[in-house]
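In what follows, a single structure is set out as structure tokens and then discussed.
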Amino acid sequence: GVSRARRCVEETCFFFFQAEDGIRDFCLSRGLGDVYKRQKIYQSAVTNESTLFKKYYDRGDLPVSVDFSGAQRKLSWKLKPEVLDYHLYLPIFFEGLRETQEPYRFLANRGCDELLEQGGPKILPVLPQLIIPLKKALSTKDHEIMCATLKTVSYTHLTLPTIYSVQISVV
């Protein structure tokens, strides 16, 4: 009984030290930070996945196009953003934040800004639907996509006080 338990403990300790020595022999450790570098958690994920935004735009189902009149590009809305169904379109535009090709990237970024700017009280009920597109955009780990997404999130935060004030005055 006792010798068997002791031998089991000794074998466990021996195995533990052997495994640790094997790891050191295989790859020299340069500290704890090296473990995270080897996991590649900071590298951007290459995705060929087409976004819902691109599919809708290519089919002509989005009420927006690029207006090239003048020196700067602008969005041209087929319908005023105030009359759009935000439950349908705002999550699609937020999903478009993952786009890297033009004109999709410009349309998604500028479209999000204009929808947030003119949405008023329509934005708050849609916020739960924006979590998944935001999570997908941030999980790409692509610097440009993450910056555009965080800019849009901060812009959303800036529009929230006006949303609350509109809802409070209506109630």
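Values reported hereafter were calculated over all heavy atoms of this structure, with side chains retained and with hydrogens, waters and symmetry mates removed. The chain is numbered in sequence order, starting from 1.
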Open item on the list: Testing the basics here: between Thr149 and Ala137, what is the closest heavy-atom pair and its distance to 0.1 Å?
Closed with: OG1-CB, 3.3 Å
Open item on the list: Minimum heavy-atom separation for Pro133 and Pro91, please, with both atom names.
Closed with: CG-O, 3.9 Å
Task: Side chain to side chain, Leu79 and Val64, heavy atoms closer than 4.5 Å - done: no
Task: Sub-4.5 Å side-chain heavy-atom contact between Tyr89 and Pro63 - done: yes
- [ ] Begin from the C-alpha positions of Leu84 and Phe93 and carry the test side-chain contact (heavy atoms from CB on, under 4.5 Å) through to its verdict.
- [x] CA-CA 12 Å; Leu84 291 176; Phe93 274 88; 5.8 Å; no
With rounding to the nearest 0.5 Å, note down the distance linking [atom1] in [X] to [atom2] in [Y].
X	Y	atom1	atom2	value
Leu130	Phe94	CG	CZ	5.0 Å
Thr156	Leu124	OG1	CG	11.5 Å
Leu134	Leu97	CG	CG	7.0 Å

Is it possible for you to say whether [X] and [Y] belong to one hydrophobic cluster, with membership spreading through side-chain heavy-atom contacts below 4.5 Å?
X	Y	answer
Phe68	Leu75	yes
Leu62	Val126	yes
Phe53	Val153	yes
Leu127	Tyr86	yes

Task: Residue pairs involving residues 72-91 (criterion salt bridge (charged side-chain N to carboxylate O under 4.0 Å, His left out); sequence neighbours excluded) - done: Arg73-Glu102
Task: Side-chain H-bond candidate by donor/acceptor type, Thr51 with Glu99, under 3.5 Å - done: yes
Open item on the list: Can you list everything that forms a side-chain contact (heavy atoms from CB on, under 4.5 Å) with Leu52? Sequence neighbours excluded, please.
Closed with: Tyr56, Ile92, Glu95
Open item on the list: More than 12 heavy atoms of other residues, nucleotides or ligands under 6.0 Å from CD1 of Ile132: yes or no?
Closed with: no
Can you give the donor-acceptor pairs under 3.5 Å from side chains of residues 107-118 to other protein atoms, not counting sequence neighbours?
residue: Asn109; atom: ND2; partner: Arg105; partner atom: O; Å: 3.2
residue: Arg110; atom: NE; partner: Glu114; partner atom: OE2; Å: 3.3
residue: Asp113; atom: OD2; partner: Lys151; partner atom: NZ; Å: 3.1
residue: Glu114; atom: OE1; partner: Trp77; partner atom: NE1; Å: 2.5
residue: Glu117; atom: OE2; partner: Tyr155; partner atom: OH; Å: 2.9

